[in-house]
Amino acid sequence: MNYYNLKDNEEIVDFRAATIKGQGKDKGLFFPESIPPLDRQLIENLHQLSDEEIAFQCMKDFVGDEIPRNILKAIVSETVSFEIPLKKINEHIYSLELFHGPTLAFKDIGARFMSGCLSYFLKDKDKKVTVLVATSGDTGGAVAHGFYKTPGINVVILYPKNKVSPVQEKQLTALGENISALEINGSFDDCQSLVKQAFSDQEITSNVFLTSANSINVARWLPQQIYYLLALKQWQKTEKEPPVICVPSGNFGNICAGILAHVRGLPAEHFIAACNKNDSIPKYLETRELVQKETVPTLSNAMDVGNPSNFIRVSELFENRFEKIKGAVSGYSVDDEKTLETIKEVYEKYHYLLEPHSAVAYTALEQYLEENPGTKGFILGTAHPVKFPEAIEKAVKIKTEIPKSLEELMKKDKKSIEMQPDFEELKRFLLNKTKQE
Ligand SMILES: *Cc1c(COP(=O)(O)O)cnc(C)c1O
């Protein structure tokens with residue numbers, strides 16, 4: 001399969017190059033040249049197939065012959081090797097729990113698939129490869145775990161000091177080995193601009209083989225389709241009509257993967273983009289005007305994105321026709337106050353504990369279902385409540401329990417390197433690290 005750059009349609013690359021480069025010229029996103037339809041047999045027989053088989057069928061056309069079948073099978077098996085249950089919250093609303101992976105966030109799925117592909121593509125390189133990534137919390141942990149102890153690959157993560165939750169920090173800093181965590185005395189934006197500067201610095205790029213694990217990488221974006229199929233497999237056991245699918249959205253990678261699966265033939269009644277106060281897309285769907293916005297901080301901080309970079313892919317999926325987008329996707333914006341209220345209400349009524357991101361989604365879906373009687377749907381549970389204890393304790397008087405899988409990690413020491421948001425310091429670090437190897 002080939003991919004073209006949405007900013008410069010002349011730039012066409014294969015899956016391998018798209019995975020290694022991450023993005024095209026002018027920071028353009030790569031997009032598949034054709035949309036391979038899902039086999040009808042597959043959709044009709046989901047209940048008879050294993051998760052591994054469904055994942056393989058979903059991904060094979062996007063990879064083509066660039067990874068041998070048996071290796072791709074191993075990569076997708078690893079990608080979905082934890083449970084992804086669809087839990088019923090009440091008569092109308094289910095939750096697809098995507099947070100039972102190693103870092104308790106849905107980003108594990110994309111990160112694991114990408115690390116499998118990158119490791120395969122880079123296995124014969126004699127030079128070490130450095131995956132450089134900035135994180136506001138969840139991305140860094142998922143990427144670190146995806147590449148932990150992978151031969152030939154170093155991971156360098158920049159995260160803002162005191163701005164990630166305790167569990168998130170442990171996931172970034174306690175692994176060690178080939179994972180380095182740089183604790184930056186600044187904001188997430190500082191981290192991100194340092195990373196961008198590194199990618200455009202001649203001296204660094206001629207000495208260090210840098211690659212990004214950015215969420216716009218096709219190898220992180222595309223495998224997110226898999227769990228929409230796995231959700232449908234479970235949905236069909238108890239429900240007859242196609243679901244309304246509600247996705248807590250920040251950069252819009254996750255929802256865009258769901259819509260891609262839908263365009264390929266996955267039955268869905270409607271999609272909902274659930275946003276917090278960072279509402280540029282809900283506003284766009286209302287007014288047809290896409291306005292650049294400053295990011296505002298909220299409790300659902302993984303969705304604090306002013307200009308969602310993946311929305312351009314959603315638009316491309318509908319041939320950039322506003323009416324078509326609007327026919328398939330609705331947008332809702334939910335503030336922090338309502339988010340906390342929902343966490344409390346759902347816990348008290350249904351004994352189901354939401355965290356802030358899934359609570360935004362729940363609120364939006366509930367509203368949509370009220371406006372459209374007779375419909376039912378599910379939200380995507382994108383993170384485990386334990387990752388956001390402060391918000392939850394504000395909403396309900398309970399302590400979130402650390403799951404067994406995390407106990408070991410929480411006992412380990414934090415290993416980080418403190419750094420000022422100073423590019424020269426980062427540069428010295430990257431060059432020295434390469435010299436030592
Ligand atoms: C990253 C993230 C999101 C947003 O996903 P996008 O693909 O960027 O829209 C939502 N919830 C959680 C918990 C996340 O970590």
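As the structure lists them, so they are numbered: ligands from 1, and atoms in each ligand from 1.
Some N or O of T382 is nearer than 3.5 Å to an N or O of ligand 1, by distance alone. Considering backbone and side-chain atoms alike, D138 places an N or O below 3.5 Å from some N or O of ligand 1. Polar contact check, A302 against ligand 1: no nitrogen or oxygen pair lies under 3.5 Å apart.
Residue F252 approaches ligand 1 through these ligand atoms, each under 4.0 Å from one of its heavy atoms: 6 (P), 8 (O), 9 (O). Close approach of ligand 1 to S249 (heavy-atom distance below 4.0 Å) involves ligand atoms 9 (O). Near G253, meaning under 4.0 Å from one of its heavy atoms, ligand 1 places the atoms 6 (P), 7 (O), 9 (O). Below 4.0 Å from some heavy atom of A383 lie the following atoms of ligand 1, by number and element: 13 (C).
Proximity of K387 to ligand 1, defined as any heavy-atom pair under 4.0 Å, is not found for any part of the residue. Heavy atoms of K107 found under 4.0 angstrom from ligand 1 belong exclusively to the side chain. Residue N254 touches ligand 1 through backbone and side chain together, judged by heavy-atom distances below 4.0 Å.
Among N278, D335, N276, the one residue that satisfies the side-chain hydrogen bond (donor to acceptor under 3.5 Å, both in side chains) test with T298 is N276.
With hydrogens and angles disregarded, a donor-acceptor distance shorter than 3.5 Å links the side chain of R112 to the backbone of E78.
The single protein non-hydrogen atom nearest to atom 4 (C) of ligand 1 is G250 N, 3.6 Å, given as residue, atom name and distance. With respect to atom 5 (O) of ligand 1, the closest heavy atom belonging to the protein is F106 CZ, 3.5 Å. When hydrogens are left out, the protein atom nearest atom 8 (O) of ligand 1 is N251 N, 2.8 Å; that is the closest non-hydrogen contact.
Taking only non-hydrogen atoms, the option from A273, P248, S136, G141 nearest to atom 10 (C) of ligand 1 is P248.
By the 30° and 60° cut-offs, the orientation of the rings of Y362 relative to Y350 is tilted.
Of all the heavy atoms in P32 and W221, the pair that sits closest is CD-CZ3, 3.9 Å. Residues T295 and V305 come closest through the heavy atom pair CG2-N, 4.0 Å.
In this structure, CG on L72 lies 11.0 Å from CD on E66, to the nearest 0.5 angstrom.
Side-chain atoms of Q234 and Y94 form no donor-acceptor pair, as typed in the model, at a separation below 3.5 Å. At a cut-off of 3.5 Å, with distance as the only test, no side-chain donor of N251 or N310 sits close to an acceptor on the other residue.
Residue contacts with ligand 1 leave out A105, since none of its heavy atoms falls under 4.0 Å from the ligand. Heavy-atom separations between F99 and ligand 1 are all 4.0 Å or longer.
Ring centers of F322 and Y284: under 6.0 Å apart, within the cut-off. Ring to ring, F388 and H357 are close: their centroids are under 6.0 angstrom apart.
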